[in-house]
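Residue numbering restarts at 1 for every chain, and letters A, B, ... go by the order of the sequence lines. Note that the structure is predicted; figures quoted are calculated from it, not measured.
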Protein chains: 2
Amino acid sequence: MGLTKTEIFSEQQNEVAVFAKAFAHPSRVAILQHLFKMDTCVCGDLVIEIGLAQPTISQHLKELKQLGLIKGNIEGTSVCYCIDLENWNKMKKVLNEFFDQDIAEKGNCC
Amino acid sequence: MGLTKTEIFSEQQNEVAVFAKAFAHPSRVAILQHLFKMDTCVCGDLVIEIGLAQPTISQHLKELKQLGLIKGNIEGTSVCYCIDLENWNKMKKVLNEFFDQDIAEKGNCC
DNA sequence: TTGATTCATTGCAATATTACGATAGACTAT
DNA sequence: ATAGTCTATCGTAATATTGCAATGAATCAA
């Protein structure tokens, strides 16, 4: 059906999934990497850098912004996008807690 | 179009995206958490635990298996699934390298 | 063999995601 | 005002993902 049954999962499980979705596409990975590399970022940069159409980039930026991973300030006619470190670190914490579950002394059955 | 243009991205960017996709759905997050919790895991367990239909769970398990994050051994009539630690650690390394890009002394323009 | 159990596969329906052309809105420069 | 630049939004087309009923394949128990 394509309809995720979010209500049957825990809040943490949904949070991991929502954050992971941000990186689940190479366009967004590339956008974030570029934002890390640069000091000041404009959408136009990204269109040239990444090689997708401007509306496509704009759409990906919107998703990242809604997740809180980036923020954008209007600067004259262009928009300055950059990483929102506070939320970025929160995301890292949530995902790393998931990655680092207790796996130490487990009888490996397989 | 829904067709990801993987060819315009770097290998690393695609790798991050592919791994992230594994966690981009709460079902798979829940499955992995359950596999961590248990010592010996069977698909039937997961159907009861998670509350989705058996074919749905089976499909998610297949994806995780194809990615190499879990492995499954046939054990009589049931199948023993568990985390593949080697690939799990590789995934952690790939994603953490992405998460921990140089962000230290950046002039925050926003 | 027959029936029960367990998991995989197939086929389908519905929603989600990705991409882009066209267009609109906001600002700048002339 | 007018033209040019930059970004957002709308509408649309195509692919991807999710979920499940039905079915199949393999094993075990009697």
Do you know which two heavy atoms are closest between [X] and [Y], and how far apart they sit?
X: B:Met91; Y: B:Phe23; value: CE-CZ, 3.5 Å
X: B:Cys43; Y: B:Ile57; value: SG-CG2, 4.0 Å
X: B:Ala17; Y: A:Val29; value: N-CG2, 4.3 Å

Between [N] ([atom2]) and [X] ([atom1]): distance, integer Å:
X: B:Gln59; N: D:dC20; atom1: CD; atom2: P; value: 10 Å
X: A:Leu64; N: D:dA8; atom1: CG; atom2: P; value: 12 Å
X: A:Lys65; N: D:dA8; atom1: NZ; atom2: P; value: 7 Å
X: B:Ile74; N: C:dT5; atom1: CD1; atom2: C1'; value: 15 Å
X: B:Asn73; N: C:dT6; atom1: CG; atom2: C1'; value: 16 Å
X: A:Ile50; N: C:dA19; atom1: CD1; atom2: P; value: 10 Å
X: B:Ile57; N: D:dT18; atom1: CD1; atom2: P; value: 12 Å
X: A:Leu61; N: C:dT18; atom1: CG; atom2: P; value: 13 Å

**Message:** Reading DNA chain D from 5' onward, which residue's closest nucleotide shows up sooner: A:Phe9 or A:Asp45?
**Reply:** A:Asp45

According to a strict under-4.0 Å criterion, is [X] in side-chain N/O contact with OP1 or OP2 of [N]?
X: B:Ser27; N: D:dT18; result: no
X: A:His25; N: D:dA16; result: no
X: A:Tyr81; N: D:dA8; result: yes

**Item:** Qualifying residues under salt bridge (charged side-chain N to carboxylate O under 4.0 Å, His left out), relative to B:Glu63, sequence neighbours excluded
**Value:** B:Arg28

**All salt bridge (charged side-chain N to carboxylate O under 4.0 Å, His left out) counterparts of B:Lys65, not counting sequence neighbours** =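 By the salt bridge (charged side-chain N to carboxylate O under 4.0 Å, His left out) rule, B:Lys65 matches no residue at all.
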
Name the closest nucleotide to the [X] side chain, picking from [options].
X: B:Thr56; options: D:dT9, D:dA8, D:dG19; result: D:dG19
X: A:Thr77; options: C:dC20, C:dT6, C:dC27; result: C:dC27
X: B:Arg28; options: C:dT9, C:dT6, D:dT18; result: D:dT18
X: B:Ala53; options: D:dA8, D:dC20, C:dT18; result: D:dC20
X: A:Ser78; options: C:dA19, D:dC6, C:dT6; result: D:dC6
X: A:Ser58; options: C:dA19, D:dT18, D:dT9; result: D:dT9
X: B:Val79; options: C:dC7, C:dG21, D:dC20; result: C:dC7

**Message:** Nearest heavy atom decides the nucleotide; on that basis, is A:His60 or B:Gln54 closer to the 5' end of DNA chain C?
**Reply:** B:Gln54

**Item:** Degree of bending in the helix from C:dT1-D:dA30 to C:dT30-D:dA1 once both end axes are built from five pairs, to 10°
**Value:**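 Its terminal axes enclose an angle near 20°.
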
**Prompt:** Contact class for B:Leu52 (heavy atom, under 4.0 Å): base, sugar-phosphate, or nothing?
**Reply:**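 Sugar-phosphate only.
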
**Request:** Could you grab the distance from atom SG of A:Cys82 to atom CG of A:Leu69, nearest 0.5 Å is fine?
**Result:**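 It comes to 12.0 Å.
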
**Item:** Separation of A:Ile31 CD1 from A:Leu46 CG (nearest 0.5 Å)
**Value:** 6.0 Å

**Message:** A side-chain contact here means heavy atoms from C-beta on lying under 4.5 Å apart; do A:Lys90 and A:Glu15 qualify?
**Reply:**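 SC-SC contact between A:Lys90 and A:Glu15 confirmed.
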
